[in-house]
Amino acid sequence: MQIPVRLGVRSYTIVVEPGSLAKLGDHLRPLGLGSKTALVSDAGIRARYGGPVTESLRTAGFSVVDIDVPAGESAKTLAVASACWDALVDAKLDRAATVIALGGGAVGDVAGFVAATFMRGMNFVQVPTTVLAQVDASIGGKTAIDHPRAKNMIGSFHQPRLVLVDPLTVVSLPDRDFRSGLAEIIKHGIVLDAAYFADLERSIAAMLGRDPGTLERVIGGSCALKASVIERDPEEKAEIRYTLNYGHTVGHAIEAVTGYDRFTHGEAVALGIVAEAHLARRIGLAAPETIARQEALLRAVGLPTRVTGLDPGRILDAMARDKKARDGRVPIVLAPEIGRFRVVYDVGPDQVRGALSTLEGA
Ligand SMILES: NC(=O)c1ccc[n+]([C@@H]2O[C@H](COP(=O)([O-])OP(=O)(O)OC[C@H]3O[C@@H](n4cnc5c(N)ncnc54)[C@H](O)[C@@H]3O)[C@@H](O)[C@H]2O)c1
Ligand SMILES: [Zn+2]
């Protein structure tokens, strides 16, 4: 499956194809890039998937310099970015060269930040290997490192020249990470596409069994939905981009008050979806059946839909500090029906408290 992302001169293609890791060189050649590449990855991913990628690049006539970064969020620091710049200088890479990110969203974010800043911007290619990175982080051009006081605080928009998704890589993901990525997939269905959501409902067993054909269809479908949002709003300036934030206003607050260690991002988003679904019902926007379908799908893929011990007051405080807040008002995207969205700006704290209390229920 090839998904065009139409952004004028910054247009690119998302290739979603089982086994495509070994064809990266073939996909890069027609883009007219320089012959030098830097392959940024963590040691574990490089050992598992670096071989076919490097071989296909060399066969297609590209040179490859390896740049290792730490695994996970600890890659997203200024020190790691700086070490990457050093490696690019040492290898004499110029603006025609290409930085390739092979790994999860953290590798993609720091490698993208390095590509955006080195010589004021060089070519960048994403080869995401987690569900979350394939359907979310690799698409949209957001790059970032963390500030000691806030995640993703330093960064820029820098669109990739190509996103190459090999759905077979997610077969090696630990179960918890795999299910967490499904939260973003379910999010896309709820606010953007009723037929896609119904396909997810029918495909639960095949998804959880990581059936290759199902992964290709579901991951590819989600990439296409995110791409359609990016095309309409490449720099996050309009309401449509808020759709990608469904479940995240409450989800981010849950992550913050639980110290980022009780739940994975996807688990917190699943709880956020449940709370925001109930919020839509409380304000008369959505019918009970719409809420029930969202909860049932999340539960069926093994994501949490209930939680105890959260302090609603602290969640409300954390929501007020949301990055999307404008003049003290936090826009919340809600789903009036499966496949549709509405952004609301003035939900009262009592309504939010009420919705949060449903998370405690049976
Ligand atoms: N730029 C964006 O638009 C955007 C969007 C969403 C999230 N993000 C960022 O993405 C990051 C989270 O990404 P993530 O969930 O992919 O986790 P991650 O990048 O932190 O990776 C988690 C772990 O999974 C391992 N891993 C990666 N692929 C694997 C595979 N196929 N098999 C086995 N292990 C594998 C990694 O080595 C790492 O140890 C966060 O930093 C977040 O801020 C960015
Ligand atoms: Zn998310």
Side-chain angles (χ1 to χ4, degrees), residues 21 40-50 53 68-77 80 101-113 115-116 124 126-147 150-160 163 165-188 191 210 215 219 222-223 226-227 229-230 234-236 241-252 254-255 260 263-273 303 323 333:
L21 276 189
V40 181
S41 200
D42 69 58
I45 293 301
R46 192 184 299 284
R48 210 188 277 274
Y49 296 117
V53 171
D68 272 334
V69 297
E73 197 67 24
S74 56
K76 290 172 61 174
T77 68
V80 171
L102 173 69
V107 168
D109 273 8
V110 69
F113 177 71
F124 179 48
Q126 292 266 24
V127 187
T129 61
T130 65
V131 176
L132 180 132
Q134 294 183 346
V135 304
D136 189 355
S138 67
I139 307 166
K142 287 211 269 179
T143 78
I145 55 174
D146 297 332
H147 184 273
K151 270 186 59 141
N152 296 325
M153 196 67 139
I154 317 293
S156 75
F157 284 94
H158 188 61
Q159 298 295 342
V163 178
V165 173
D166 186 340
L168 297 183
T169 58
V170 306
V171 169
S172 59
L173 273 183
D175 222 33
R176 192 174 178 196
D177 292 339
F178 179 78
R179 288 167 196 262
S180 296
L182 296 180
E184 306 288 356
I185 287 179
I186 293 170
K187 169 196 81 177
H188 287 149
V191 283
R210 306 194 202 181
L215 289 177
I219 289 173
S222 218
C223 291
K226 176 148 185 187
V229 173
I230 301 300
E235 299 203 338
E236 227 172 37
R241 190 88 175 224
Y242 288 143
T243 54
L244 303 175
N245 219 42
Y246 185 58
H248 282 62
T249 307
V250 173
H252 280 148
I254 291 176
E255 283 185 284
Y260 294 92
F263 300 108
T264 64
H265 173 69
E267 289 164 354
V269 168
L271 293 167
I273 288 174
L303 285 163
K323 264 197 293 200
V333 57

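In this chain, residues are counted from 1 in sequence order. Heavy atoms only: backbone and side chains are in, while hydrogens, waters and symmetry mates are out. For ligands, and for the atoms within them, numbers begin at 1 and follow the listed sequence.
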Subject >> Side chain T129, main chain T169, donor-acceptor under 3.5 Å >> reply: no
Original post:
For ligand 1, is any non-hydrogen atom under 4.0 Å from L173's backbone (N, CA, C, O), its side chain (CB onward), both, or neither?
Top reply: both
Subject >> T143 N/O to ligand 1 N/O under 3.5 Å >> reply: no
Original post:
Rounded to 10°, how big is the angle at the Zn ion (ligand 2) from E184 OE2 to H265 NE2?
Top reply: 90°
Original post:
Would you say atom 23 (C) of ligand 1 has a protein heavy atom nearer than 4.0 Å?
Top reply: no
**OP:** Measure the OG1-CD1 distance between T249 and I273 for me, rounded to the nearest 0.5 Å.
**Re:** 11.0 Å
**OP:** Could you tell me whether atom 11 (C) of ligand 1 has at least one protein heavy atom nearer than 4.0 Å?
**Re:** yes
Original post:
For ligand 1, which part of K151 has a heavy atom less than 4.0 Å away: the side chain, the backbone, both, or neither?
Top reply: side chain
Original post:
Nearest protein heavy atom to atom 42 (C) of ligand 1, by residue and atom, and its distance?
Top reply: K76 NZ, 3.8 Å
Subject >> Subset of ligand 1 atoms that lie under 4.0 Å from at least one heavy atom of T130 >> reply: 14 (P), 16 (O), 27 (C), 28 (N)
Subject >> N245 (side chain) donor-acceptor with H248 (main chain) under 3.5 angstrom >> reply: no
Original post:
Where the closest heavy atom to atom 21 (O) of ligand 1 is concerned, which of G266, G112, G72, A144 has it?
Top reply: G72
Original post:
For atom 7 (C) of ligand 1, which of L132, L102, D136 has the closest heavy atom?
Top reply: L132
**OP:** Would you please test V110 and I145 for side chain to side chain contact (heavy atoms under 4.5 Å, CB included) and show each step?
**Re:** CA-CA 6 Å; V110 69; I145 55 174; 3.9 Å; yes
**OP:** Mark yes or no for whether K226, through its side chain, and I139, through its backbone, hold a donor-acceptor pair below 3.5 Å.
**Re:** yes
**OP:** Could you tell me which non-hydrogen atom of S74 sits nearest to which non-hydrogen atom of T77, and how far apart they are?
**Re:** O-CG2, 3.6 Å
Subject >> Contact check, side chains of R210 and L215, non-hydrogen atoms, under 4.5 Å >> reply: yes
Subject >> Test item: side-chain donor near acceptor, S172 and Y49, under 3.5 Å >> reply: yes
Original post:
For atom 19 (O) of ligand 1, which candidate among A106, G155, S41 provides the closest heavy atom?
Top reply: A106
Original post:
Of the backbone atoms (N, CA, C, O) and the side-chain heavy atoms from C-beta on, which set of I139 has a member under 4.0 Å from an atom of ligand 1: side chain, backbone, both, or neither?
Top reply: neither
Original post:
Any idea which atoms of ligand 1 are less than 4.0 Å away from a heavy-atom of G104?
Top reply: 16 (O), 19 (O)
Original post:
Can you list the atoms of ligand 1 that are under 4.0 Å from a heavy atom of D42?
Top reply: 36 (C), 37 (O)
Original post:
Hey, is the main chain of A133 close enough, under 3.5 Å, to the side chain of S138 for a donor-acceptor pair?
Top reply: yes
**OP:** Give the atom name of whichever N/O/S atom in H248 sits closest to the Zn ion (ligand 2).
**Re:** NE2
Original post:
Is it true that D136 and K142 make a salt bridge, defined as a side-chain N closer than 4.0 Å to a carboxylate O?
Top reply: no
**OP:** Report yes or no: does T143 contribute a side-chain atom to a donor-acceptor pair with the main-chain N or O of S156 at less than 3.5 Å?
**Re:** yes
Original post:
Tell me, which protein residue and heavy-atom name are nearest atom 17 (O) of ligand 1, and how many Å apart are they?
Top reply: G105 N, 4.2 Å
**OP:** Measure from the side-chain N and O atoms of Q134 to the backbone N and O of D166, and report whether any donor-acceptor pair falls under 3.5 Å.
**Re:** yes
Original post:
Who gets closest to atom 28 (N) of ligand 1 by heavy atom: T129, I230, I145, V135?
Top reply: T129
Subject >> Minimal non-hydrogen separation, V135 against S222, with atom names >> reply: CG1-CB, 3.7 Å
**OP:** Considering only non-hydrogen protein atoms, determine which one is nearest to atom 32 (N) of ligand 1 and report residue, atom name and distance to 0.1 Å.
**Re:** S172 OG, 2.8 Å
Subject >> Enumerated ligand 1 atoms positioned under 4.0 Å from heavy atoms of N152 >> reply: 43 (O)
**OP:** Kindly identify the option in R46, H248, K142, E73 whose heavy atom sits closest to atom 3 (O) of ligand 1.
**Re:** K142
Original post:
Should you measure from each heavy atom of Y49, which atoms of ligand 1 turn up under 4.0 Å away?
Top reply: 31 (N)
Subject >> Polar proximity ligand 1 side, R48 side, N/O cut 3.5 Å exclusive >> reply: no
Original post:
So, does E267 use its side chain to make a donor-acceptor pair with the main chain of L303 at under 3.5 Å?
Top reply: no
Original post:
To which of T264, D109, I45 does the heavy atom nearest atom 26 (N) of ligand 1 belong?
Top reply: I45
Subject >> Test of proximity, A71 against ligand 1: N or O pairs below 3.5 Å >> reply: no
Original post:
For V40, does its backbone N or O pair with a side-chain atom of R46 as donor and acceptor, under 3.5 Å?
Top reply: no
Original post:
To the nearest 0.1 Å, how far is atom 5 (C) of ligand 1 from its closest protein heavy atom, and which atom is that?
Top reply: A137 CA, 3.5 Å
